[in-house]
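Each residue takes its place number in the sequence, starting with 1.
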Amino acid sequence: MFKRKDGLWQEKVRISGKDKYFYAKTKAELLKKIQNHKEQEDRGKLFECVADEWWDRHAPTLAANTLKSYQPAYYRAREAFCGEYIKNITYCDIQKYLDSMANRYPSLKVKQTQRLVFNGIFKYARKMGYIQIIQTDGFTHLSYF
């Protein structure tokens, strides 16, 4: 940590293999910024942010009729887990949501499409490093950074 010629304090921190620079007017403010960033990294991303990223990449690749059925499922998924961090969502949470759909949507196709959307979002999250899946003892466990 050092003071630059322009009067700002600067610190370089290595996070997830990348250097990130922080700047502030005072040393205390700089330390607070670094601490806040580290806490945000520990919490991870919100589900709706990851879902939006996935949708922005995936939607253009879908055929028109597929898009018609995926879009409502995407919006239902966002609404169901809005405000939750993706690291905190478990398989049981998703299964409970899918089970609760039985009363509102009796069609099997709707539930299958909803499952595909959740699957796509969580595969994307794993690919981007937001979550990590580990296999031990023949079981698959979600493990998070």
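Residues passing the side chain to side chain donor-acceptor pair (under 3.5 Å) test with Tyr70, sequence neighbours excluded: none. Judged as a side chain to side chain donor-acceptor pair (under 3.5 Å), and not counting sequence neighbours, Glu29 has no contacts. Every residue two or more places apart in sequence or in another chain was checked for a side-chain contact (heavy atoms from CB on, under 4.5 Å) with Lys96, and none qualifies. The salt bridge (charged side-chain N to carboxylate O under 4.0 Å, His left out) search around Asp6 returns Arg4, not counting sequence neighbours. Residues that satisfy the side-chain contact (heavy atoms from CB on, under 4.5 Å) test with Leu31, not counting sequence neighbours, are Met1. Residues forming a salt bridge (charged side-chain N to carboxylate O under 4.0 Å, His left out) with Lys127 (at least two apart in sequence, or on another chain): none. Every residue two or more places apart in sequence or in another chain was checked for a side chain to side chain donor-acceptor pair (under 3.5 Å) with Asn65, and none qualifies. Partners of Gln35 under the side chain to side chain donor-acceptor pair (under 3.5 Å) rule, at least two apart in sequence or in another chain, are Glu39. Considering only residues two or more places apart in sequence or on other chains, Ala80 meets the side-chain contact (heavy atoms from CB on, under 4.5 Å) condition with Tyr97. Every salt bridge (charged side-chain N to carboxylate O under 4.0 Å, His left out) that Asp52 has, sequence neighbours left out, goes to Arg78.
Summarising the geometry, atom CZ belonging to Phe122 is positioned 6.0 Å from atom CD1 belonging to Ile131; distances are rounded to the nearest 0.5 Å. Interatomic distance, Lys32 NZ to Leu30 CG, rounded to the nearest 0.5 Å: 12.5 Å. With values rounded to the nearest 0.5 angstrom, Tyr23 atom OH is found 15.0 Å from Trp9 atom CH2.
Counting all heavy atoms, side chain and backbone alike, Val50 lies closest to Ile86 at CG1-CD1, 3.8 Å. Smallest separation of non-hydrogen atoms from Ala73 and Thr113: CB-CG2, 4.1 Å.
Judged as a salt bridge (charged side-chain N to carboxylate O under 4.0 Å, His left out), not a single pair has a partner in residues 100-118 (not counting sequence neighbours).
A distance-only check finds a donor-acceptor pair linking the side chain of Glu48 to the backbone of Gly83 [under 3.5 Å].
A cation-pi arrangement is absent between Arg76 and Phe118, since the terminal nitrogen or guanidinium carbon is not both under 6.0 Å from the aromatic centre and inside a 45° cone about the axis. Geometrically, Lys45 does not engage Phe47 in a cation-pi contact defined by less than 6.0 Å to the ring centre and at most 45° from the axis.
Residues Val117 and Leu98 are members of one and the same hydrophobic cluster, defined by side-chain heavy-atom contacts under 4.5 angstrom among Ile, Leu, Val, Met, Phe, Trp and Tyr.
Ile121 pairs in a side-chain contact (heavy atoms from CB on, under 4.5 Å) with only one of the listed residues (Trp55, Trp54, Phe81), which is Trp54.
Looking at heavy atoms from C-beta onward, Gln10 lies out of side-chain contact with Phe22 at the 4.5 angstrom threshold. The shortest side-chain heavy-atom distance between Gln112 and Leu116 does not fall under the 4.5 Å cut-off. Considering only heavy atoms from C-beta on, Lys25 comes within 4.5 Å of Leu8 through its side chain. Contact check for Val110 versus Met101: side-chain heavy atoms found under the 4.5 Å cut-off.
Through side-chain heavy atoms spaced under 4.5 Å, either directly or across other Ile, Leu, Val, Met, Phe, Trp or Tyr residues, Leu108 is tied to no other residue.
Counted by atom type alone, Tyr75 and Glu79 present zero donor-acceptor pairs between their side chains at under 3.5 Å. Judged purely by distance below 3.5 Å, without hydrogens or angles, the side chains of Tyr130 and Glu53 pair a donor atom with an acceptor atom.
Ionic pairing of Lys33 and Glu11 is not present here: no N-O contact between side-chain nitrogen and carboxylate oxygen is shorter than 4.0 angstrom.
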